[in-house]
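First comes the structure, then the notes that go with it.
We count residues from 1, following the sequence as given. Heavy atoms only: backbone and side chains are in, while hydrogens, waters and symmetry mates are out. These numbers were taken from a predicted model, which means no experiment stands behind them.
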Amino acid sequence: MNKKSLLAEFTVRPGNEERVAELVQDYAARVREEPGNLAFEVYTKRSNPLAYWIFEVYASEAAFQTHLAAPYGPPFNAALQPLIQEKESLLTFLSPLG
């Protein structure tokens, strides 16, 4: 089974730090409970705490698709969008080396 790994990135608009942290922490707790989620690790850059990096790993493409279909995803994204600089999180899909 091939794991699905990705990095989601976004930058918080100044003044929204606390709200974004609350939203992301709540969302992370829900995603981590998904049966196919293997990792959902939230980071900010030391050099720029407004810049978020979220490392996600799912057991398979099917598990990732189940994640995308979760009912709490769209409300999270709708709440996050006006609080970040980008139109949406920038996703980078990763492949293991070797």
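Contact of the V24 side chain with the F10 side chain is registered, since non-hydrogen atoms from C-beta on lie closer than 4.5 Å. Looking at H67 and N37, their side chains never come closer than 4.5 Å, going by heavy atoms from C-beta outward. For the pair L80 and S89, the minimum side-chain heavy-atom distance is below 4.5 Å.
Closest of all the heavy-atom pairs between T92 and E9 is OG1-OE2, 3.9 Å. What you find for A79 and P82 is that their closest heavy atoms are O-CD, 3.5 Å.
Checking side-chain atoms of E33 against main-chain N and O of V31 turns up no donor-acceptor pair under 3.5 Å.
Taking the six-membered ring for Trp and thresholds of 30 and 60 degrees, Y27 and F40 have ring planes more than 60 degrees apart, a perpendicular arrangement.
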>> With side chain to side chain contact (heavy atoms under 4.5 Å, CB included) as the criterion, how do L94 and F55 come out once you've worked through the C-alpha distance, each side chain's angles and the decisive distance to 0.1 Å?
In response: CA-CA 10 Å; L94 306 170; F55 177 65; 3.8 Å; yes

>> The test is side chain to side chain contact (heavy atoms under 4.5 Å, CB included); show your working for L50 and T44 and say whether it passes.
In response: CA-CA 7 Å; L50 297 176; T44 58; over 6 Å; no

>> Run F93 and K4 through side chain to side chain contact (heavy atoms under 4.5 Å, CB included) and show every step you take.
In response: CA-CA 8 Å; F93 291 91; K4 183 83 168 188; 3.6 Å; yes

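Hydrophobic clustering, with ILVMFWY side chains joined whenever heavy atoms are under 4.5 angstrom apart, keeps L90 apart from V12. Under the 4.5 Å side-chain heavy-atom criterion for grouping Ile, Leu, Val, Met, Phe, Trp and Tyr, Y72 is connected to I54 within one hydrophobic cluster.
Salt-bridge formation is detected for the pair R19/E22: a Lys NZ or Arg NE/NH1/NH2 atom is positioned less than 4.0 Å from an Asp or Glu carboxylate oxygen.
Here the CD-CG distance, from E18 to L23, works out to 12.0 Å after rounding to the nearest 0.5 Å. From E56, atom CD reaches atom CG of L7 across 8.5 Å, with rounding to the nearest 0.5 Å. Taken from CD in E61 to NZ in K3, the straight-line distance is 15.0 Å, to the nearest 0.5 Å.
Of the options V20, T11, I84, a side-chain contact (heavy atoms from CB on, under 4.5 Å) to Y52 is made by V20 and by none of the others.
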